[in-house]
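What you see is a predicted model; the values in this text were computed from it and never measured.
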Amino acid sequence: MTMANERAVLDAHYMARALELARKGVYSTHPNPRVGCVIVRDGQIVGEGWHVRAGEPHAEVHALRQAGELARGACAYVTLEPCSHHGRTPPCAEALVKAGVARVVAAMQDPNPQVAGQGLQRLAAAGIEVASGVLEAEARALNPGFLKRMEFGVPFVRAKLAMSLDGRTAMANGESQWITGPAARSAVQRLRARSSVVLTSAQSVLADNARMTVRGEELGLDLETTALALARPPLRVLIDGRLRLPLDAPFFTVGPALVVTAAAVEARYAEAGHELLSLPGENGQVDLPALLRELAVRGVSEVLLEAGAGLVGAFAQRGLIDEYQIFVAGKFLGSSARPLLDWPLNHMNEAAHLKITEMRAVGDDWRVTAVPVPAPGV
């Protein structure tokens, strides 16, 4: 093996460890990205760190503190380009320079316009050897919402759906609890916990008397991770075009929420501790693209869409869903039960194409992860 190949193997090995550390922040770093850092000297890891939550030290700072003087002359592996600007914390690029590291390997450049290559440039200007692009695909997969918000000005939208084998989500009378089993419901709680926003509709809340909160006892995580997840609950956003949901509903009584409507703003929501945002669109409906842009401005990176066939269908038809998480139960609900989403199509060539990226058993159910793709020939 050549020296170059050996270095590439070692770079991938240590970056994999940095990514493992970064994943510890999956439930807590909002609105910041999940980042991990490993510092290696003479073939030994001398410092490790991960970003825990916004406003606290970044991964590089934690790793440098652990390494101490051993950081001088070492190599730092970081899953995202070190920041070069002053935010809530000082720039990590400067911290690496002061620590005297000899080399910095980043999995990818930071798409944040405030960084965007400037962190690596600052390190190179200080005489530090820099490299980028090691396990970049894995690093990008770790922060899909942060990347989409920075690159396109909208959050990543993940739609959660639960259905029977015959593609039904509820009985004709609206009864839907429970299609799937405890393991699938626990997985959904983890999807909520990792999201910046849980988005639902008045119709869904009314049908299930839902609260849309994260239930710690159902997360299935260790105590430390559960505490981190519960300390940063997602913002609950309700689309209620005609303001039908009463303010004494459980959804409102468990905590503050953002209500998005096509109607005029009413003071009673603010008086009850909630925010009411009016975004009227066509045909008296809420302007969904405008809502996503507004959420991105507020620092929202990942949206979990948990709603009925109507709202999910509206998002799907507009091309606003990035990923589907579909939980499939081994049961039939029958032809009179409700469909997965409202999306009237008349011909096969109109069918929406999905690429299934993962399928795995979750308890007695199945979890299908799929992403939209252009139709063949388009």
Side-chain angles (χ1 to χ4, degrees), residues 15-16 18-37 50-54 58-60 77-85 87-89 91-93 104-121 130-160 190-199 232 234-235 289 291-305 315 319-325 355 357-358 369-374:
M15 189 62 75
L19 285 164
E20 184 180 354
L21 291 167
R23 292 186 186 99
K24 291 176 176 285
V26 71
Y27 301 109
S28 62
T29 63
H30 167 84
N32 292 351
R34 299 125 184 169
V35 181
C37 179
W50 55 283
H51 183 45
V52 181
R53 57 172 64 89
H58 290 182
E60 299 93 322
Y77 294 87
V78 61
T79 59
L80 186 67
E81 175 186 6
C83 60
S84 56
H85 65 289
R88 298 193 206 179
T89 58
C92 293
V104 174
V105 180
M108 60 174 291
Q109 285 195 11
D110 190 337
N112 186 339
Q114 293 180 297
V115 184
Q118 297 177 54
L120 295 176
Q121 291 171 13
V130 298
S132 180
V134 177
L135 301 188
E136 181 170 353
E138 292 85 344
R140 292 186 68 89
L142 184 61
N143 291 298
F146 176 78
L147 298 181
K148 188 168 186 187
R149 177 163 63 89
M150 290 299 165
E151 294 171 349
F152 299 102
V154 291
F156 184 92
V157 177
R158 182 179 286 115
K160 169 264 168 181
R190 292 192 292 274
L191 286 175
R192 287 184 186 178
R194 70 167 290 164
S195 302
S196 313
V197 154
V198 174
L199 176 63
R232 189 214 58 81
L235 172 66
L291 170 59
L292 294 181
R293 292 191 296 269
E294 172 64 24
L295 291 176
V297 169
R298 297 177 181 223
V300 170
S301 293
E302 293 186 24
V303 171
L304 180 63
L305 176 60
F315 268 83
L320 301 178
I321 297 176
D322 298 288
E323 178 184 285
Y324 291 88
Q325 291 282 333
K355 177 183 179 181
T357 59
E358 185 179 59
T369 302
V371 297
V373 295

(message) Contact between V197 and L304 at the side-chain level, heavy atoms closer than 4.5 Å - yes or no?
(response) no
(request) Could you check if a side-chain atom of R190 sits within less than 4.5 angstrom of a side-chain atom of Y27, using non-hydrogen atoms only? (result) yes
(message) Can a donor-acceptor pair be found, under 3.5 Å and without considering hydrogens, that links the side chain of R232 to the backbone of A193?
(response) yes
(request) Flag the pair P372 / Y324 as yes when at least one side-chain heavy-atom distance between them is below 4.5 Å, and no otherwise. (result) yes
(request) Determine yes or no for a side-chain-to-main-chain donor-acceptor pair under 3.5 angstrom, with T79 supplying the side chain and G36 the backbone. (result) yes
(request) Check whether any side-chain heavy atom of S132 sits under 4.5 Å from a side-chain heavy atom of L120, and report yes or no. (result) yes
(request) Measure from the side-chain N and O atoms of R34 to the backbone N and O of V26, and report whether any donor-acceptor pair falls under 3.5 Å. (result) yes
(message) Would the distance check show the side chain of S195 and the main-chain N or O of V198 forming a donor-acceptor pair, the cut-off being under 3.5 Å?
(response) no
(message) Just so I know, are the side chains of L19 and L135 near enough to count as touching, which here means a heavy-atom distance under 4.5 Å?
(response) yes
(message) Looking at every non-hydrogen atom in both residues, tell me the closest pair between D110 and N112 and how far apart they are.
(response) OD1-N, 2.8 Å
(request) To the nearest 0.5 Å, tell me how far F315 CZ sits from L199 CG. (result) 5.0 Å
(request) Please report the shortest heavy-atom distance between A296 and G153, naming the atom on each side. (result) CB-O, 3.2 Å
(message) Any side-chain to backbone donor/acceptor pair from T29 onto V52? Under 3.5 Å, distance only.
(response) no
(message) For a 4.5 angstrom cut-off between non-hydrogen side-chain atoms, does L80 reach N143?
(response) no
(message) To check you understand the geometry: which heavy-atom pair defines the closest contact between G119 and A93, and what is its length?
(response) O-CB, 4.0 Å
(request) Please identify each residue that fulfils salt bridge (Lys or Arg N to Asp or Glu O under 4.0 Å) with R149, with sequence neighbours left out. (result) none
(message) Do L292 and P155 have side chains that approach each other closer than 4.5 Å (heavy atoms only, starting at C-beta)?
(response) yes
(request) Indicate yes or no for a side-chain donor-acceptor contact from S196 to the backbone of E302 under 3.5 Å, with no hydrogens or angles considered. (result) yes
(message) Once rounded to the nearest 0.5 Å, what's the spacing between atom CG of L295 and atom CG of L235?
(response) 7.5 Å
(request) Give, for atom CZ of R140 and atom CZ of F146, the distance between the pair rounded to the nearest 0.5 Å. (result) 11.0 Å
(request) Would you please name every residue forming a ring pair (Phe, Tyr, Trp, His ring centres under 6.0 Å) with H51, sequence neighbours left out? (result) H58
(request) I would like to know whether V371 and T357 meet side chain to side chain contact (heavy atoms under 4.5 Å, CB included); could you show each step before the answer? (result) CA-CA 7 Å; V371 297; T357 59; 4.0 Å; yes
(message) Show the nearest heavy-atom pair for residues P111 and M108, with the distance to one decimal.
(response) CD-CE, 4.3 Å
(message) Among residues at least two apart in sequence or on other chains, which ones pass salt bridge (Lys or Arg N to Asp or Glu O under 4.0 Å) with E81?
(response) none
(request) Identify the two heavy atoms, one from E60 and one from P82, that lie closest to each other, and give their separation to 0.1 Å. (result) OE2-CA, 3.4 Å
(message) Check this for me: does any side-chain nitrogen of one of R23 and E138 sit under 4.0 Å from a carboxylate oxygen of the other?
(response) no
(message) For V105 versus M15, what's the shortest heavy-atom pair and its separation?
(response) O-CE, 3.4 Å
(message) I'd like to know if R158 pairs up with D322 as an ion pair, taking the criterion as any Lys NZ or Arg NE/NH1/NH2 lying under 4.0 Å from an Asp or Glu carboxylate oxygen.
(response) no
(request) Quick one: pull up CZ in F156 and CD1 in I321 and give me the separation to the nearest 0.5 Å. (result) 10.5 Å
